[in-house]
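Worksheet for the structure shown next.
Lettering follows sequence order; numbering is per chain, from 1.
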Amino acid sequence: MKMSSLFVQTLREVPSDAEVVSHQLLLRGGYMRKLAGGIYTYLPLMWRVLKKIENIVREEMDKEGAQELLMPIVQPKELWEQSGRWAVYGKELMRLQDRHGKEMALGPTHEEVITALARDEIRSYRQLPVNLYQIQNKFRDEIRPRFGLLRGREFIMKDAYSFDVDEAGLDIAYEKMARAYTKIFLRCGLETRMVRSDSGAIGGSVSHEFMVLTKTDSGENDVLYCDKCSYAANSNNATSKMLPAEMTGRFEKAEIVDTPHTRTIEELAEFLKIPSTIICKALVYIADSKPAIALIRGDQNVEEIKLQNALGANEIRIATSEEILELMNKNGFSAEPGFIGPKGMKNVKIVADLSVKDLKNFVVGINQTDKHLVGANWGVDIELPELFDIRLAQVGEGCPECDGHLMITKGIEVGNIFKLGTKYSKAMNATFTAEDGKEKPFIMGCYGIGISRTAAAAVERYHDEHGIKWPIQIAPYHVVVVPVSDQDEQQMKVASDIYEKLQKAGVEVVLDDRAERAGVKFKDADLIGFPYRITAGKTLSEGLVEFKIRETGEVMKLTPDEAVEKMIEAVKAVS
RNA sequence: CGGGAUGUAGCGCAGCUUGGUAGCGCACCUCGCUUGGGACGAGGGGGUCGCAGGUUCAAAUCCUGUCAUCCCGACCA
């Protein structure tokens, strides 16, 4: 490809609405343009990158026996009603009507469609196991699209779905995908960490995310990882060993004491001269429009995703003061926020974090303003509610799996794998005839890779102040050949010659034949991020060209033939 | 959904306070000159000032509405 005819416009200035570096560089480098919030046109350079990632994904998926298909992006409401998700998916599901008023949705994911397909097509255990995947545009009407391709509304995703006769089969399918994913990202030049995570709205039990640890501030997930072992988890799912703390209060008998103006844990601890570790904190949440109380040790914080799961709710939020007063009224109390406690509360779900279990002679709200119960004990003064892990794990706490400590970093989730089990097959009545002649629901798994997000993650991971430094495996082109001046016949001749030889050898090469000054060509080459640059310029007087590696900045002076040879080798090394 | 901000040429911005018919840099086109890290000179094209109302002799500027975009938050009693 000649640069003069390549469809690319680089920008000198950073578009003002681009915040993260991948967004900025992809706009500046002429890789994409925004059409609407979270919706982008992928220009030729970007499309080449995306196709490369897609092809790596295809190869590794196929190696594990998965088969590619393509499902529709517009899906009928009926399917979503069968799975129950029409009601629970929320506003992220882009709903629309056709001319007859029939309700449809743009597919944010394809569990419904694939499950319906399996229901219709797979009759017997003899047809199992099977793993089907597609690479396709998804649409999620994100509450707040941002970060360019990292959180768009329309994006490209690979989604695979496995069907098995039993859990053991699912385990095998899951392992295969975990293996494939690790290889895929490595081949894209990205090191990933497989972290356990919440399974969210998709449902199911076990799930892992593949995170690119960016080592910068970009990335929207907090990842806690052990400094000693391989433990890593999304902060919404991480567990930890809490640091040693006092669990026993100095109040030896239960009594109600005055604690004026102690609305926060800090104020209460200060007033009673006790550590916050012997206070049982009560938080009122609204879970799917019903109130619920969460108890946790005073010095700890609730992880809302965990709480949401413990409550079996689709959506939770902290209650307002008004809602708390209303709840108090219903239970015959009138306490203000800050003095809430579990005792005497009826018609409200109460869950407790594991951190409160071992509290003795502790302090807790008693639903009377300016008063607390001190010296309380479970089973004596207050019934111990059902226990869950609803605590936010924090940096510095102990690793749950070894004696190491937890560290935190930002991560970009580029892939995820879920064990779905029978959630969809049961709901949608998708069954097969098992070996024993009985009808059984499929045991399913689903496995996603954000193709466009992976490209953005690569930019986040590999760039400098001049531009992108693509790993060669996913770079739009392998190398740019730059004659310093298009007026110089010798330079043009040598450059064209190298260009043609590389092309014949199958190297993806761009010849910068533009009538631009050298500075412009170099700046563009760095910005676009060609992994290699071969320059025909002043060194030609010695019969040499420059061979420059973008990643390291290393420059070598070689004869044109040596440069061609070296370039061919560089490409061979990764294919 | 709440809070903050911004919409003026492809991109980055000024002009708005104090209304008088739109400007700068980059990019683009032509010519000249230049050719190792985003040159220079001359000339040129391109904007119903987000949109819709209103006030006024006159609106980018003041008022109202609306749409869009970006940032922050979705928060621990």
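The phosphate of B:G36 (OP1 or OP2) has no side-chain N or O of A:T535 nearer than 4.0 angstrom. Within the 4.0 Å cut-off from OP1 or OP2 of B:U35, not a single side-chain nitrogen or oxygen of A:K521 is found. A close approach under 4.0 Å does not occur between any side-chain nitrogen or oxygen of A:R517 and OP1 or OP2 of B:U34. Residue A:R317 places no side-chain N or O under 4.0 Å from the OP1 or OP2 atom of B:A74.
Distance noted for atom C1' between B:C24 and B:U69: 24 Å (whole Å). Annotation: B:C62 and B:U17 have their P atoms spaced 5 Å apart (nearest Å). Distance check on atom C1': B:G38 versus B:G12 gives 15 Å, rounded to whole Å. Taking atom C1' in both B:A60 and B:A52, one finds a spacing of 16 Å when rounded to whole Å. For the P atoms, the distance linking B:G3 with B:A74 amounts to 16 Å, nearest Å. Annotation: B:G25 and B:A39 have their C1' atoms spaced 16 Å apart (nearest Å). A gap of 14 Å separates the C1' atoms of B:A59 and B:U64, to the nearest Å. Remark: the separation of the P atoms in B:G20 and B:C63 is 15 Å, to the nearest Å.
Heavy atoms of A:R391 sit nowhere under 4.0 angstrom from any nucleic acid atom. Looking at heavy-atom distances under 4.0 Å, A:A18 makes no contact with the nucleic acid at all. Counting non-hydrogen atoms under 4.0 angstrom, A:T262 reaches nothing in the nucleic acid. Using a 4.0 Å heavy-atom cutoff across all strands shown, A:E304 reaches no nucleic acid atom at all.
In the set B:G38, B:C76, B:C70, B:G38 carries the atom at the smallest distance from any side-chain atom of A:T10. With distances taken from any side-chain atom of A:K281 to the nucleotides B:C76, B:G37, B:G38, the minimum falls on B:C76. Of the candidates B:C72, B:U35, B:G12, B:U35 carries the atom nearest the A:Q487 side chain, counting heavy atoms from C-beta on. Each of B:C11, B:C26, B:U35 was ranked by its minimum atom distance to the side chain of A:D486; first place goes to B:U35. With distances taken from any side-chain atom of A:A518 to the nucleotides B:G38, B:G36, B:G12, the minimum falls on B:G36. Residue A:L283 places its side chain closer to B:C76 than to any other of B:C76, B:C72, B:A27.
Using Watson-Crick or G-U wobble geometry with both donor-acceptor distances under 3.5 Å, B:C57 finds its partner in B:G20. The pairing partner recorded for B:C33 is none, the criterion being a Watson-Crick or G-U wobble arrangement whose two distances lie under 3.5 angstrom. Under the Watson-Crick or G-U wobble criterion, with both distances below 3.5 Å, B:G25 is paired with B:C11. Pair assignment for B:U64 gives B:A52, based on Watson-Crick or G-U wobble hydrogen-bonding distances that are each under 3.5 Å. Pair assignment for B:C70: B:G4, on the basis of Watson-Crick or G-U wobble contacts that are both within less than 3.5 Å.
Side-chain N/O atoms of A:Q9 and base N/O atoms of B:G10 include no donor-acceptor pair closer than 3.5 Å. Side-chain to base pairing of A:E516 with B:G38: no donor and acceptor N or O lie closer than 3.5 Å to each other. For A:R533 against B:G37, a side-chain-to-base donor-acceptor contact under 3.5 Å is present. The base of B:G37 sits with one of its N or O atoms less than 3.5 Å from a complementary donor or acceptor on the side chain of A:K548.
Classification of the A:W378-A:F362 ring pair by plane angle, with boundaries at 30° and 60°, yields tilted. Ring geometry for A:Y89 against A:W80 counts as perpendicular: the plane angle is over 60°, on a 0 to 90° scale with 30° as the lower cut.
Between A:H23 and A:A282, the residue whose closest nucleotide on RNA chain B is further toward the 5' end is A:H23. Both A:E13 and A:V284 sit near RNA chain B, but only A:E13 has its closest nucleotide nearer the 5' end.
Because its NZ or CZ atom is both nearer than 6.0 Å to the ring centre of A:F522 and within 45° of the ring axis, A:R533 counts as a cation-pi partner of that residue.
Partner of A:Y31 under the ring-ring contact (aromatic ring centres under 6.0 Å, His included) criterion, chosen from A:Y42, A:W470, A:F7, A:W47: A:W470.
Looking only at atom types and distance, the side chain of A:Y285 has no donor-acceptor partner in the side chain of A:Q308 under 3.5 Å away.
Between the OH atom of A:Y285 and the C1' atom of B:C75 there is a distance of 7 Å, given to the nearest Å.
In summary, A:D353 and A:K306 do not engage in a salt bridge, as defined by a charged side-chain N under 4.0 Å from a carboxylate O. We find that A:D464 and A:R550 are joined by a salt bridge, their nearest charged nitrogen and carboxylate oxygen being less than 4.0 Å apart.
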